[in-house]
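Proteins get letters first, then strands, A, B, ... in listed order; numbering begins at 1 in each.
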Amino acid sequence: MLTTPFSAATGTSTVPTITGRQHSPSPETLASLITTSKNITQLLQIHAAAIRHGFHNHPAVNFKLQRSYSSFGRLDSSLALFNRTHDPNVFFYTSIIHAHAADNLHMRGIQLYIQMISQDVEPNEFTFSAVLKGCPIEPGKLLHTHVIKLGFDSNMHVRTALVDVYSRGGDLISARQLFDTMPERSLVSLTSMITGYAKHGDLAKARTLFDSIVDKDAVCWSVMIGGYAKYGKATEAITLFRKMLRSKINPKEVTLVAILSACGQIGAIESGRSVHSYIQNHKIQINVHLGSALIDMYSKCGSLEDAVNIFDNLKNRDVVTYNSMLSGYSMHGYHQEALLLFHKMHKINHIQPTAISFIGILNSCAHSGLVSIGKGIFLSMKRKHKIEPTIEHYGCVVNLLGRAGFLNHAYTLTNTMNQINIKPDPIIFGTLLDSCTLHKNIELAEKIANSLIDQNLANSGTYILLSNLYAATSNWAGVAHMRTLMKTHGVEKEPGCSSIEIDNKVHEFVAGDMNHPKSAEIYEMVAEVNGWLVGHGYRPQTEVVVQDIGERERVRSLEVHSEKLAIAFGLISTKAGSSIKIVKNLRVCLDCHEVTKLISKVTGRRIVVRDRNRFHHFVDGVCSCGDYW
DNA sequence: GTAGGGTTAG
């Protein structure tokens with residue numbers, strides 16, 4: 001049953017203003033009016049006129065209508081027109097297949113292709129370009145045999161589409177072979193190949209090809225920058241972005257989204273802010289994508305105020321925007337705000353939370369010890385929102401329970417998961433081990449760690465956590481045993497690394513680092529800080545040191561933790577009274593946490609530390625995490 | 001009359 005406007009032929013609708021009522025238009029006039037129509041309303045009027053004047057079966061009119069509906073995003077209308085076309089030819093088929101591909105409905109596109117050949121309509125090179133666009137690799141391989149059989153494989157567009165199919169599908173060897181044997185390379189085919197490498201993490205190969213291009217356009221710059229951003233190469237992404245601007249190529253929205261994500265990863269707020277200024281100076285509309293990216297960047301760079309400001313000023317917000325804001329609140333320990341926003345989002349604004357929304361809100365509960373609220377939300381996922389919890393959600397709840405000291409309950413949950421076929425992984429057990437360390441529960445920790453080691457599932461974190469736990473309880477034999485195990489299993493500890501951004505440049509420090517040009521001044525500052533600490537009766541938290549060394553060395557090893565060096569550098573490089581922002585790759589240790597509290601009190605500075613899990617805002621000797629992290 | 005390259009959140 002066709003609906004309006006297809007059923008309008010018998011109706012008595014008013015005459016469309018655009019076509020006039022006095023004379024009967026020719027099909028050619030209608031066709032050209034369709035081509036120049038500006039919006040869906042105009043198109044509907046012309047369509048109604050075509051029906052009234054009996055041209056709705058005219059091939060050219062029909063074809064143009066079908067294409068225009070597609071281009072206005074009305075695939076349903078386009079398909080309805082296609083379906084009432086008798087014996088559609090290759091143009092009709094190609095066009096409708098393309099419309100489906102453009103809407104990410106690749107399997108429907110392939111079905112139409114199959115329908116086409118079963119009705120003996122011969123596909124041409126245009127058809128293959130359309131049906132291969134964005135097509136998954138398996139059906140793509142099948143289509144490839146058709147391409148060869150019909151002799152279209154040297155066509156530039158078809159070949160590029162094939163390179164793209166194999167490239168995105170991860171078969172980079174085949175993609176490269178098709179690419180290398182192309183009769184002629186184009187910027188588009190090069191970009192397709194680069195995309196393949198960039199998407200699958202081979203950034204070196206991507207970069208080599210990228211550098212070989214003389215005239216790069218915005219798309220290939222975006223692909224390369226996006227690849228770096230995706231694989232955590234934030235510094236490379238930012239450097240390349242600056243190069244892009246110097247090359248006078250205007251970044252597209254996707255480029256800006258990628259670069260904001262890179263800034264967020266390393267907490268480069270000055271770079272992030274300059275991207276924000278770029279957006280404002282170039283009068284680029286902050287839509288949901290850019291809005292979400294800005295919220296995410298500001299949150300991760302420690303400025304929740306800016307994130308909230310962006311959020312409040314957005315005209316449109318989608319679920320991604322809400323999720324970004326939710327995780328921003330969660331990261332910064334604003335659990336009441338997170339709960340309120342979560343409530344507002346689905347109760348007032350009728351935006352259905354997604355699996356990611358629940359990760360944000362459950363993390364928020366975990367960070368603030370809201371055990372019963374968290375449990376309630378977790379249960380509501382399935383019952384109320386019909387969202388099946390994944391391993392990540394279980395991870396949040398294990399963390400929630402474990403941190404709050406309900407270790408056995410958390411452990412039981414990992415067994416429950418097993419029963420419903422969600423196999424707990426080393427990450428979840430790592431979370432639980434972490435909680436065991438916090439509550440010094442050696443018995444459970446050993447049970448978990450040993451079972452992980454036995455199953456060959458242990459990662460560096462497993463050994464380190466157990467080692468930390470032994471150290472915390474002065475069990476040096478245990479620490480030594482862990483170190484031996486790590487050596488025999490070839491596991492290395494990820495070195496702690498802290499960074500600080502000064503004047504648009506990110507400075508990185510590892511423990512005991514002497515590589516910085518200002519090392520001498522940094523260590524002088526460290527000594528000065530130690531002086532303050534002594535004056536305030538501070539006692540070093542040596543229990544966090546994992547080596548069995550003398551007390552003096554233990555104190556010394558704490559003094560050169562990477563975050564202390566970064567803070568010292570911040571103190572000597574910024575104006576008195578200004579805030580200091582540090583980004584750390586691991587969780588902040590107990591000693592650094594205590595020391596930072598004292599530094600904030602003595603200097604009157606606000607110190608913001610982003611660790612692996614969350615933000616700590618140190619103001620006047622108090623941390624926003626309430627010492628619960 | 002029909003064609004090829006880039007998306008964001010945990």
Side-chain angles (χ1 to χ4, degrees), chain A residues 31 34-35 59-67 70 88-99 101-102 104 123-135 152 155-165 167-168 182 186-196 198-199 213 216-227 229-230 251-261 264 287-297 299-300 318-328 330-331 354-364 390-393 395-396 613:
Chain A
I34 293 165
T35 314
V61 171
N62 218 1
F63 178 76
K64 293 222 160 173
L65 278 169
Q66 188 222 318
R67 281 190 49 75
S70 303
N89 60 12
V90 61
F91 295 104
F92 268 84
Y93 267 112
T94 300
S95 168
I96 197 70
I97 290 170
H98 181 247
N104 275 324
N124 61 19
E125 60 270 47
F126 290 82
T127 319
F128 283 112
S129 295
V131 74
L132 286 168
K133 184 189 169 88
C135 164
F152 295 124
N155 175 278
M156 169 102 95
H157 288 257
V158 177
R159 185 64 82 89
T160 303
L162 283 168
V163 168
D164 189 54
V165 166
S167 228
R168 269 183 304 96
M182 277 185 86
S186 68
L187 181 57
V188 179
S189 63
L190 270 156
T191 309
S192 255
M193 197 61 238
I194 294 170
T195 308
K199 256 196 152 64
I213 305 174
K216 303 177 183 74
D217 69 357
V219 177
C220 75
W221 280 100
S222 297
V223 170
M224 196 63 234
I225 291 169
K230 184 182 173 189
K252 298 286 182 80
E253 182 192 309
V254 277
T255 331
L256 297 167
V257 167
I259 206 66
L260 286 168
S261 150
N287 60 10
V288 287
H289 296 148
L290 277 175
S292 305
L294 281 165
I295 292 166
D296 180 59
M297 181 277 290
S299 298
K300 287 184 179 157
D318 66 358
V319 68
V320 182
T321 326
Y322 275 95
N323 289 350
S324 302
M325 197 63 250
L326 267 178
S327 78
S330 162
M331 265 186 268
T354 61
I356 291 167
S357 319
F358 285 99
I359 287 172
I361 198 71
L362 288 171
N363 264 331
S364 178
T390 65
I391 188 154
E392 279 100 340
H393 299 103
C396 294
N613 279 3

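In this entry the distance linking CG of A:Leu132 with C1' of B:dG4 reads 10 Å, nearest Å. Straight-line distance from the CD atom of A:Glu125 to the C1' atom of B:dG4: 12 Å, rounded to whole Å.
A:Asn62 has its side chain within reach of A:Phe92: a pair of non-hydrogen atoms, C-beta onward, lies under 4.5 Å apart. Residues A:Cys220 and A:Leu190 are not in side-chain contact: their nearest non-hydrogen atoms beyond the backbone lie 4.5 Å or more apart.
Looking at heavy-atom distances under 4.0 Å, A:Met193 makes no contact with the nucleic acid at all. Contact annotation for A:Phe92: base contact, defined as any heavy-atom pair under 4.0 Å involving a base atom. Using a 4.0 Å heavy-atom cutoff across all strands shown, A:Arg159 reaches no nucleic acid atom at all.
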**Under 4.0 Å protein heavy-atom contact, by nucleotide of nucleotides 5-10 of chain B - B base, S sugar-phosphate only** = BBBBBB

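In the model, A:Asn124 has a side-chain atom that pairs as donor or acceptor with a side-chain atom of A:Thr127 under 3.5 Å. A:Thr390 and A:His393 share a side-chain donor-acceptor pair at under 3.5 Å.
Between A:Ser364 and the choices A:Ser330, A:Cys396, A:Ser327, the side-chain contact (heavy atoms from CB on, under 4.5 Å) rule is met once, by A:Ser330.
Below the 3.5 angstrom threshold, one finds a donor paired with an acceptor across the side chain of A:Asn155 and the base of B:dA3.
Put simply, A:His157 has no side-chain N or O that comes within less than 4.0 Å of OP1 or OP2 on B:dT2.
A:Ser357 and A:Leu326 get closest at one heavy-atom pair: O-CD1, 3.9 Å.
Both stacking criteria are satisfied for A:Phe126 over the base of B:dT2: a centre-to-centre distance under 5.5 angstrom and an angle between ring planes under 30 degrees.
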